[in-house]
Amino acid sequence: MNITLWGTRGSLPSAGPDTVRYGGNTSCVEVRSEDGTLVVLDAGTGIRRLNATVEPELKRVYILLTHLHMDHIQGFGFFGPLFRPDLEVHVFGPPSTTHDLRTRLTKYLSPPLFPVRLRDLPARLALHDVPLGGFEVDGLHVDCNLVTHPGPTVGYRLTERGRTLVYIPDHEPALGASHVPRSPQWTSGYDLAVGSDLLIHDSQYTMAEYAERAGWGHSAMQHAAAVAAMAGVKRLVTFHHDPTHSDDLLDNLVEELRGTSRLPFELTPGQEGMAFHLS
Amino acid sequence: MPQRDIEIILMRQLASYLIVPIFVVDTEGVMLFYNEPAEALLGRQFDEAGEMPMREWTTIFQPRDENNAPLPPDGLPLVIALRRRVPAQRRIRITGLDGVARHLEIVAFPLQGQGNRMLGAAAMFWEVDSKQ
Ligand SMILES: [Zn+2]
Ligand SMILES: [Zn+2]
């Protein structure tokens with residue numbers, strides 16, 4: 001499995017001189033199975049850079065949306081393959097008790113917010129409520145579960161040949177907990193993350209910021225580290241960086257975390273363009 | 001032990017913030033959690049009691065009806081909410097594990113998630129003045 005981070009920023013695209021290394025594009029991760037199957041995790045503004053890697057021979061693409069907050073779908077209409085009539089695009093998103101995925105996506109993908117309607121996109125588009133539990137996309141096994149975040153939101157666990165990537169970009173495991181993590185049974189995201197090789201996890205805040213923003217749906221970097229440690233992951237990639245966090249601040253936060261405790265996993269600050277290989 | 005469903009985790013988190021006594025059970029009726037305000041009425045701290053199977057919590061508090069007759073499990077609002085998947089309400093009498101008899105008003109409701117997943121049930125309860 002090959003994994004590339006095309007957008008690592010949370011909440012709002014944040015281009016500028018202070019965000020050059022970590023990147024300003026919002027959530028989008030490219031996953032390629034060994035046989036070349038393309039799975040796109042979230043359709044934030046990072047998806048535009050992914051366009052260049054989509055080969056003309058490709059027949060099918062899977063887009064797995066964690067939820068429909070704007071930073072995770074803003075790039076959707078700019079995904080080149082949607083304009084190729086020969087391409088099958090399967091979009092999975094969290095189930096809702098009210099409207100189906102098409103209705104919810106159309107709120108953004110229709111005038112006046114966007115000039116092209118979902119139904120007018122040339123690609124053969126199939127929209128699916130993601131099954132909570134496991135399913136297969138070509139060679140990859142995908143597990144999916146709800147996590148703590150405002151509105152129905154899921155995390156994904158992708159497995160190929162026993163190697164596992166877990167993607168939980170928006171997640172507040174600390175909500176209402178006096179300390180994090182409490183225990184595996186009572187920790188949101190534990191089942192998804194347990195024993196994974198690579199965990200891409202919400203690390204939006206500093207602890208001081210979290211104290212001011214409890215309930216907003218995100219983690220401090222320390223919360224991500226606590227979940228990763230409890231779940232026994234091999235590598236944690238920080239993700240969904242706050243728009244106000246500069247490259248220098250993010251470097252400092254990572255160093256601070258490395259300095260305060262002996263981490264039982266490899267800590268990698270998630271930067272746009274970074275690639276990982278799991279085999 | 002696997003992680004609990006997110007809705008159950010959130011229910012516990014919400015309960016831990018509220019001053020209304022709350023009691024949460026899973027689909028099998030196993031008591032998973034009660035909050036601090038509930039501890040005062042049930043007469044034992046949750047950390048001491050731990051999880052408790054349904055046959056235990058439906059009897060250990062010696063539930064009785066309005067006429068002081070023993071109340072079988074099927075008459076308890078929480079058991080009704082769990083088995084019939086409907087809200088249920090009733091006044092009952094219990095004896096807390098501290099030996100104190102109490103008169104409670106109970107409102108129980110099923111916890112059902114998206115896709116009709118049955119997750120368990122929760123009860124909120126209040127001590128009522130016996131003169132009421
Ligand atoms: Zn987000
Ligand atoms: Zn979000």
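A note on names: the letters A, B, ... follow the listed sequences, proteins ahead of strands, and every chain is numbered from 1.
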If one checks every heavy atom of Val147(A) against chain B at 4.5 Å, the contacting part turns out to be backbone
Value for CD (Gln185(A)) from CD (Glu51(B)), rounded to nearest 0.5 Å, stands at 5.5 Å
Measure Leu14(B) against the heavy atoms of chain A and call it side chain, backbone, both or neither at under 4.5 Å.
-> neither
Any chance CD of Glu136(A) has more than 12 other-residue heavy atoms, nucleotides or ligands included, within less than 6.0 Å?
-> yes
Heavy-atom closest pair (Ile6(B) atom, Ser188(A) atom, distance to 0.1 Å) is CD1-OG, 3.1 Å
Which pair of non-hydrogen atoms, one from Leu146(A) and one from Arg117(B), has the smallest distance, and what is that distance?
-> CD1-NH2, 3.5 Å
Heavy-atom proximity to chain B below 4.5 Å, by part of Ser183(A) = neither
CZ (Arg124(A)) with more than 12 external heavy atoms under 6.0 Å = yes
Kindly check if the number of other-residue, nucleotide or ligand heavy atoms within 6.0 Å of CD (Glu56(B)) is above 12?
-> yes
Are the side chains of Asp129(A) and Gln114(B) in touch, meaning some heavy atoms are under 4.5 Å apart?
-> no
Euclidean distance, Thr187(A) OG1 relative to Arg4(B) CZ, rounded to 0.5 Å = 11.5 Å
Any chance CD of Glu48(B) has more than 12 other-residue heavy atoms, nucleotides or ligands included, within less than 6.0 Å?
-> yes
Pairwise side-chain contact, Ile9(B) with Leu175(A), heavy-atom cut-off 4.5 Å (strictly under) | no
